[in-house]
Structures are given as structure tokens and as C-alpha cells.
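Beneath this line is the structure, given in C-alpha cells, with notes to follow.
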Amino acid sequence: MMHLQSLLQWLIVFPLLAAGGVVLAGKRPNLREGISLVTAALVVFGLVILYQGVSAGDVIQARWLELLPGLSIAFRVESLGLLFAFVAGSLWFVTTVYSIGYMRGHHESHQTRFYGFFAVSIAAVMGIAFAENLFTLFIFYEVLTLCTYPLVTHAGTDGARQGGRVYLGILLGTSILFFLPAIIGTWVVSGTLSFTEGGVFSDGASTTVLSVLLLLFAFGIGKAALMPFHRWLPAAMVAPTPVSALLHAVAVVKAGVFTFVKICAFIFGLDTLAALPITQWLMYLAGLSILLASLVAMSKDNLKARLAYSTVSQLGYITLGALLATASGITGSAMHIAMHAFGKITLFFCAGAILVAAHKTEISEMEGLGQRMPVTMAAFLIASVSIIGLPPGGGTWSKWYLLGGTLEAGQWVLMSVLMLSTLLNIAYLLPIPLRAFFPSAAWRARQGMAHAAVKEAPLASVLALSTTAVACVVLFIYPQILYGLVNYVGSEDWSWLRK
């Protein structure tokens with residue numbers, strides 16, 4: 001048991017040590033990137049050991065510091081956190097492989113700074129994933145905001161600095177104005193900040209007060225990008241593509257929706273959440289966010305901008321699933337954290353590969369690109385199918401449970417929203433690979449008899465995007481990998497979250 005408690009703490013410390021190693025090895029690129037890869041592999045290996053421990057019934061927790069009675073920096077392993085940590089840890093390794101090809105192929109400057117802050121970001125993610133209470137989670141949540149700011153402004157241009165100001169302003173602003181007061185309010189009302197099965201509020205707590213707290217949490221967790229606090233996400237697309245992958249799949253947005261799901265499940269509890277009048281209003285706001293972001297995505301010709309608004313829409317799925325307060329809704333949200341991560345990181349990997357190899361950023365310029373970059377565009381097609389929620393993509397199963405959650409809650413309008421959103425997903429994603437592989441007659445006439453030679457991105461980048469694309473299919477064939485992880489506590493109906 002003691003070695004598992006130590007391992008839990010080392011999983012937070014390992015990435016910090018890696019960041020230091022990256023800085024010291026800054027003038028030796030192979031060693032610098034090797035440190036990141038080895039540390040990422042160790043983190044994944046450590047997570048496997050933790051999973052074996054909790055599956056055997058071990059309670060794995062650790063306490064660092066108690067500032068006041070009941071107010072401490074402490075950690076505990078549970079199912080949602082372990083799922084989030086697995087997603088972040090495994091994709092850290094893959095993103096590092098991708099970055100080696102992208103950063104060198106695109107001749108990016110300040111690569112040591114990039115890998116160093118990336119490692120610090122993963123340390124913050126591990127702290128969020130295993131936080132035992134809201135106070136601990138808030139600390140690492142803010143650390144993640146601050147340590148990703150240099151990554152967003154990596155290019156150093158006026159546009160990058162402006163994007164960074166929007167990024168920092170919205171995320172810090174929502175935290176200070178909404179998230180922190182919600183945490184303080186929870187402490188005052190319940191007397192605890194510890195994540196608790198069934199929630200922390202007593203049956204006699206004021207419905208009005210709890211509704212206000214839920215509203216503050218929904219808007220205060222800015223990383224979940226719920227409209228209208230979503231502008232930081234498109235603004236941050238000025239960053240290099242590996243950073244976009246970090247924002248959308250590995251760390252930042254997933255930290256946001258994970259935090260919201262965990263608060264719904266462990267602070268409010270499903271019964272309390274379902275009884276609050278504000279929950280219905282927030283569900284419809286999430287549904288509106290899903291549809292509006294999809295419509296905006298359809299209007300964008302810039303590939304990264306379209307993918308950014310797609311992420312805003314997909315995060316709405318996870319938020320909605322949590323607010324449904326049903327077994328299927330929570331399961332769907334938890335699984336969609338992983339399913340969307342693998343699908344969206346593949347799409348951003350492909351966007352970066354297209355930039356490096358073909359120097360194209362606009363979708364209108366990508367017709368016929370499948371001839372030059374068949375592997376990249378095939379991966380884009382697979383990931384698009386997964387994001388849409390069609391076989392053989394893993395997103396099929398998370399959306400299956402989300403639709404089941406709407407039926408379980410009797411939310412027919414929201415079920416229609418999810419179905420309409422799926423059609424919009426098709427409209428803004430599938431035309432990209434289809435036009436790449438099957439260009440128009442006019443385009444073929446302009447090309448004449450010339451046949452473009454295959455020119456993919458650097459091998460490391462192609463290997464990474466191929467790996468994540470294959471993972472999308474594997475998660476369709478073996479969804480029990482995630483389902484079993486989410487429900488390892490021994491209950492398949494989430495009854496342990498009810499009072």
C-alpha cells in the first residue's frame with residue numbers, strides 16, 4: 001500500500017523533474033526529447049500499476065499539506081481521475097513523438113521552452129486528475145492556466161501575444177469571478193471541500209443557494225469553454241499545432257470538462273443535481289453551445305479555426321452528459337473525454353502535418369491533397385468519423401451513452417439536439433477528406449495529366465497521427481477498455497454517487 005501512495009505522488013513529481021531535465025539538456029535536442037519520451041512512458045506505466053491497485057480494492061491517497069482544519073493539499077485515486085490521467089499520460093507520449101517531427105520540420109524556435117512547459121502542464125494535469133478536494137484541484141487548475149500561457153504565445157508575434165492575453169484574461173477572469181466564489185460557497189454551505197460519493201450537501205440545503213453555486217461552477221470552469229466564455233479557445237489557435245493538440249486533447253479543455261463532471265458527480269451528487277431547477281436551464285445552454293459552435297465551425301475556411309469551434313461543440317456534449325444526472329449520461333461524458341481526445345488530437349496532428357508538408361492552412365486549398373498526403377488524409381477521415389460518432393470510430397459509443405442519457409432523463413429536445421449536431425458534424429468534417437481524395441472535375445482539369453508525388457510530413461509526425469487514428473478504431477472494437485475503467489469501482493449504475 002505504501003508504495004502505491006508514493007507512486008501516486010511521484011506521478012505528479014516525475015513531469016516536473018522532466019521539465020528540469022529538458023532545460024538542462026536544452027542544447028542537446030535528442031537528449032532533451034528523449035527525457036520527455038522516457039518520462040511519459042514511466043507515467044503511463046505508473047498509471048497501470050495504480051489501476052491494478054484500485055482494481056484490487058486498495059484505497060490510494062496521499063496528503064501533502066494541511067493549511068487549516070479540513071483544508072489541505074491532498075490526492076486520491078478514483079475512476080474519473082484515473083481515466084483522465086490515462087488519456088493525458090498516453091497522449092503526452094504520442095504528442096512528444098509528433099512534436100519532434102513538427103518542431104524540427106517547421107524549424108520552430110524556443111523548442112526547449114516548449115518541451116519544458118509541456119512537462120509542467122502534464123504535472124498540473126496529474127494534480128487535477130487525482131485531487132482529493134476542490135482546494136487542491138483549484139491550485140493545479142490555475143497552475144495549468146499559467147504554465148500553458150507561454151505555449152500559447154510561443155511564436156512571439158503580435159497575434160500570439162494578443163491570443164495569449166485573451167486566453168489568460170478569460171481563464172483567470174472566470175476563475176476569480178466565478179470558480180473561487182463557488183468553492184468558498186461550497187465550503188460555507190457544506191463544511192467540506194472533499195469529493196464525496198453522493199455529494200457533500202445535506203438534504204436541507206437551500207435549493208436557491210445550490211442553484212447559484214452550480215451556475216458559478218458552470219461559468220467559472222472556463223476551460224470547459226461553455227458559451228459565452230469560449231473565445232479563449234479560438235484565440236489560442238495562434239499557437240503551434242502541438243500546442244493546439246495540448247489545449248484540445250491532452251490537457252486544458254479536458255481539465256475543464258473533467259472538473260465539471262467531477263463536481264457534478266462528487267460535490268452535488270446525481271440526486272441533488274437532478275432536483276435543481278437551474279440544471280434544466282444549463283442543459284439547454286449546453287445544447288445551444290453545441291449547435292451554435294457547430295454552425296460557426298461550418299463557416300470557417302481556416303482548418304484550425306474550424307477544429308477549434310468543433311471542440312467547443314464537443315465539450316458541450318460532455319457538459320450536457322454530466323448535467324443529465326443519469327447513469328448513461330455520466331458514463332457517456334466520461335467516455336467522451338477519451339474518445340474526443342483521440343479523435344481531435346488526430347485532426348490537429350493532421351492539420352500540422354498539412355502545414356509542414358504542403359504549407360496549406362485553408363480548407364479551400366486542400367482539394368486533391370489526398371494524392372500528396374494519403375496517410376495523413378486517411379487518418380483525418382478516420383478521426384472525423386469518430387468525432388461524428390459513426391462506426392468504426394470510438395466516438396460511436398460515447399455518443400450512444402449520451403443519447404441514452406437523454407432518453408433516461410426524458411429530455412427529448414436535447415436528444416434531437418445531439419442528433420442534429422451529428423448531422424452538422426458530418427457537414428463540417430467529412431467534406432475535407434472527401435474533397436482531398438475525390439477532387440472535382442474542374443480541379444482535375446486544371447491539374448492536367450500531372451500526378452503529384454507523395455510528400456508526407458516528417459516520419460515522427462506521421463507515426464504519431466497514424467497511432468492516434470488507429471486508436472480511434474481500437475476504441476470502437478474494444479470500448480470495454482474505457483467502460484471498464486470508468487466503472488471499476490464495482491457498480492455499473494453509478495449508484496455509489498447517489499445518497
Reported CE-to-CG distance for the pair Met335 and Leu475, which is rounded to 0.5 angstrom: 8.0 Å

Of Leu307, Leu434, Leu381, the residue whose pairing with Leu429 passes side chain to side chain contact (heavy atoms under 4.5 Å, CB included): Leu307

Heavy-atom closest contact (Val143 atom, Ala124 atom, distance): CG1-CB, 4.1 Å

Ring geometry between Tyr401 and Tyr483 (parallel below 30°, tilted from 30 to 60°, perpendicular above 60°): parallel

Whether Thr95 side chain and Trp92 backbone form a donor-acceptor pair below 3.5 Å: no

Separation of Ile73 CD1 from Leu67 CG (nearest 0.5 Å): 5.5 Å

Pair Tyr317, Ser398: side-chain N/O donor-acceptor within cut-off below 3.5 Å: no

Whether Phe86 and Tyr51 hold their rings parallel, tilted or perpendicular, with breakpoints at 30° and 60°: perpendicular

Qualifying side chain to side chain donor-acceptor pair (under 3.5 Å) pairs, either residue in residues 38-49, two or more places apart: none

Plane angle bin for Trp397 and Phe476 - parallel if under 30°, tilted between 30 and 60°, otherwise perpendicular: parallel

Donor-acceptor under 3.5 Å (Glu78 side chain, Gly81 main chain): yes

Side-chain H-bond candidate by donor/acceptor type, Ser294 with Ser313, under 3.5 Å: yes

Polar side chain donor-acceptor pair, Tyr98 to Thr468, under 3.5 angstrom: no

Side chain to side chain donor-acceptor pair (under 3.5 Å) against Ser194, all qualifying residues, sequence neighbours excluded: Glu132

Sub-4.5 Å side-chain heavy-atom contact between Leu151 and Arg113: no

Taking every non-hydrogen atom, the tightest pair across Val125 and Ala88: CG1-CB, 3.5 Å

Chi angles and distances behind the side-chain contact (heavy atoms from CB on, under 4.5 Å) call for Gln314, Lys399: CA-CA 10 Å; Gln314 294 293 316; Lys399 290 196 175 183; 3.8 Å; yes

Side chain to side chain, Leu137 and Ile263, heavy atoms closer than 4.5 Å: no

Any side-chain heavy-atom pair of Leu216 and Phe179 under 4.5 Å: no

Least distance between heavy atoms, Gly321 atom then Leu402 atom: CA-CD2, 3.6 Å

Close side-chain approach of Lys304 to Thr361, heavy-atom, < 4.5 Å: no

Summary of salt bridge (Lys or Arg N to Asp or Glu O under 4.0 Å) pairs that have at least one residue in residues 10-35, sequence neighbours excluded: Glu33-Arg104

Matching residue for His230 among Ile170, Val253, Val312 - test: side chain to side chain contact (heavy atoms under 4.5 Å, CB included): Val312

Straight-line distance of Arg306 CZ to Met298 CE, nearest 0.5 Å: 8.0 Å

side-chain contact (heavy atoms from CB on, under 4.5 Å) evaluation trace for Val13 with Met126: CA-CA 9 Å; Val13 175; Met126 292 297 154; over 6 Å; no

Pairwise side-chain contact, Val59 with Arg76, heavy-atom cut-off 4.5 Å (strictly under): yes

Flag, side chain of Glu456 to backbone of Val375, donor-acceptor distance under 3.5 Å: yes

Ring pair (Phe, Tyr, Trp, His ring centres under 6.0 Å) between Phe45 and Phe14, intermediate numbers included: CA-CA 12 Å; Phe45 180 69; Phe14 274 149; over 10 Å; no

Student check: side-chain heavy atoms of Thr148 and Phe117 closer than 4.5 Å: no

Test log, rule side-chain contact (heavy atoms from CB on, under 4.5 Å), inputs Asn133 and Ser72: CA-CA 8 Å; Asn133 56 66; Ser72 61; 3.9 Å; yes

Heavy-atom pair with the smallest gap, counting every atom of Ala334 and Leu83: O-CD2, 3.0 Å

Whether Phe258 and Phe84 hold their rings parallel, tilted or perpendicular, with breakpoints at 30° and 60°: parallel

Phe195 and Phe266 aromatic ring geometry - parallel, tilted or perpendicular at 30°/60° bounds: perpendicular

Sub-4.5 Å side-chain heavy-atom contact between Leu144 and Lys223: yes

side-chain hydrogen bond (donor to acceptor under 3.5 Å, both in side chains) between Thr311 and Lys344, intermediate numbers included: CA-CA 8 Å; Thr311 296; Lys344 188 53 63 72; 2.9 Å; yes

Aromatic plane relationship, Tyr141 with Phe138 - under 30° parallel, 30 to 60° tilted, over 60° perpendicular: parallel

Residue pair Tyr428 / Ser310, side-chain donor-acceptor N/O under 3.5 Å: yes

Nearest-0.5 Å distance, CG of residue Leu347 to CD1 of residue Ile382: 11.0 Å

Nearest-0.5 Å distance that lies between atom CD in Glu367 and atom CZ in Arg435: 4.5 Å

Shortest non-hydrogen contact from Val120 toward Cys147: CG1-CB, 3.8 Å

Value rounded to 0.5 Å, distance of CD in Gln162 from OH in Tyr167: 15.5 Å

4.5 Å side-chain heavy-atom contact, Thr346 and Cys350: yes

Heavy-atom closest pair, residues Ser299 and Val296: OG-O, 2.6 Å

Check against side-chain contact (heavy atoms from CB on, under 4.5 Å), Tyr115 and Thr96: CA-CA 8 Å; Tyr115 288 106; Thr96 301; 4.2 Å; yes

